[in-house]
Amino acid sequence: MTRTTHPFPARPQAAAKPVRWAADTLSALREGARLYLDHSAQSLWRVDRFIEDLRAEDTPYPAVEHVLRGLGAYAGEVLVRHTGAEWWTAGGDHWIRTPDGRLWDPVDEARRCFGGHGSLRLLCRDAMRT
């Protein structure tokens, strides 16, 4: 019996929902807002600006709640790809655990950004520091 190996290791179960949230949001933003993101740390500048624009337009929170969740998950995926971090979950909440053991909440940071008190770019910059 031959065993087939996959080029990518299996993702932890905790990653399933955030990865889907990010992918769904990126797809919708590519089509609707023409926002193209490439999972680079630099792309988080565009994400922060996009969230700031939503806030400046007085967009009601319920109208963007799922978009913010997806953008936070996208920022988490940037961390996963660039630092070797992994998704953790408990009680329905999802966090990123970086290799140094620190926990980060990019989904909540997206909400804070919409409220004018956060930045996904800065969260990721801080998390990428060794």
Short side-chain to backbone donor-acceptor contact, His82 and His39, under 3.5 Å = yes
Does some side-chain heavy atom of Val80 sit less than 4.5 Å from a side-chain heavy atom of Val19?
-> no
How far apart are the closest heavy atoms of Ala75 and Pro106, and which atoms are they?
-> CB-CB, 4.2 Å
Mind listing the closest non-hydrogen atom pair of Ser40 and Ser43 along with its distance?
-> O-OG, 2.6 Å
Using a 4.5 Å cut-off on heavy atoms from C-beta on, say whether the side chain of Leu71 contacts that of Trp21.
-> no
Say whether Val47 and Leu68 are linked into one hydrophobic cluster, either directly or through other cluster members, by side-chain heavy-atom distances under 4.5 angstrom.
-> yes
Tell me, with the steps shown, if Phe50 and Leu29 meet side chain to side chain contact (heavy atoms under 4.5 Å, CB included).
-> CA-CA 10 Å; Phe50 181 77; Leu29 291 177; 3.5 Å; yes
Under the 3.5 angstrom rule, does the side chain of Thr83 hit a backbone N or O of Thr98 as a donor-acceptor pair?
-> no
Under the side-chain hydrogen bond (donor to acceptor under 3.5 Å, both in side chains) test, residues paired with His66 that sit two or more places apart = Arg69
Does Ser27 reach the main-chain N or O of Asp24 with its side chain, forming a donor-acceptor pair under 3.5 Å?
-> no
With sequence neighbours left out, write down each residue that passes salt bridge (charged side-chain N to carboxylate O under 4.0 Å, His left out) with Arg121, or none if nothing qualifies.
-> none
Report yes if the side chains of Tyr61 and Glu65 come closer than 4.5 Å at any heavy-atom pair, otherwise no.
-> yes
Heavy-atom side-chain contact between Tyr74 and Leu120 under 4.5 Å = no
Using the rule that two of Ile, Leu, Val, Met, Phe, Trp, Tyr join whenever any of their side-chain heavy atoms come within less than 4.5 Å, decide whether Val107 and Trp104 are in one cluster.
-> no
Val78 and Met128, any side-chain heavy atoms less than 4.5 Å apart | yes
Could you pull out all residues at least two apart from Arg112 that satisfy side-chain hydrogen bond (donor to acceptor under 3.5 Å, both in side chains)?
-> Glu109
Sorted by first residue and then second, give each salt bridge (charged side-chain N to carboxylate O under 4.0 Å, His left out) pair with at least one member in residues 32-42; sequence neighbours left out.
-> none
Distance-only check: which donor-acceptor pairs under 3.5 Å involve side-chain atoms of residues 88-97, not counting sequence neighbours?
from, atom 1, to, atom 2, distance (Å)
Trp88, NE1, Glu86, OE2, 3.2
Thr89, OG1, Asp93, O, 2.8

Please list, chain by chain and in numerical order, all residues satisfying side-chain hydrogen bond (donor to acceptor under 3.5 Å, both in side chains) with Asp48, sequence neighbours excluded.
-> Ser119
Atom CH2 in Trp87, atom CD in Glu77: separation rounded to 0.5 Å?
-> 6.5 Å
Under 3.5 Å donor-acceptor, Arg129 side chain and Cys124 backbone = no
Which atom pair, heavy atoms only, marks the closest approach of Gly70 to Thr25?
-> CA-OG1, 3.2 Å
Nearest non-hydrogen partners of Ala73 and Pro18, listed with the distance | CB-O, 3.2 Å
Cluster link Val64 to Leu44, ILVMFWY, side chain under 4.5 Å = yes
Is there side-chain contact between Glu52 and Phe114, with at least one heavy-atom pair below 4.5 Å?
-> no
Distance from Asp53 atom CG to Thr59 atom OG1, nearest 0.5 Å?
-> 9.0 Å
For the pair Arg46 (side chain) and Leu37 (backbone), establish whether a donor and an acceptor sit closer than 3.5 Å, ignoring hydrogens and angles.
-> no
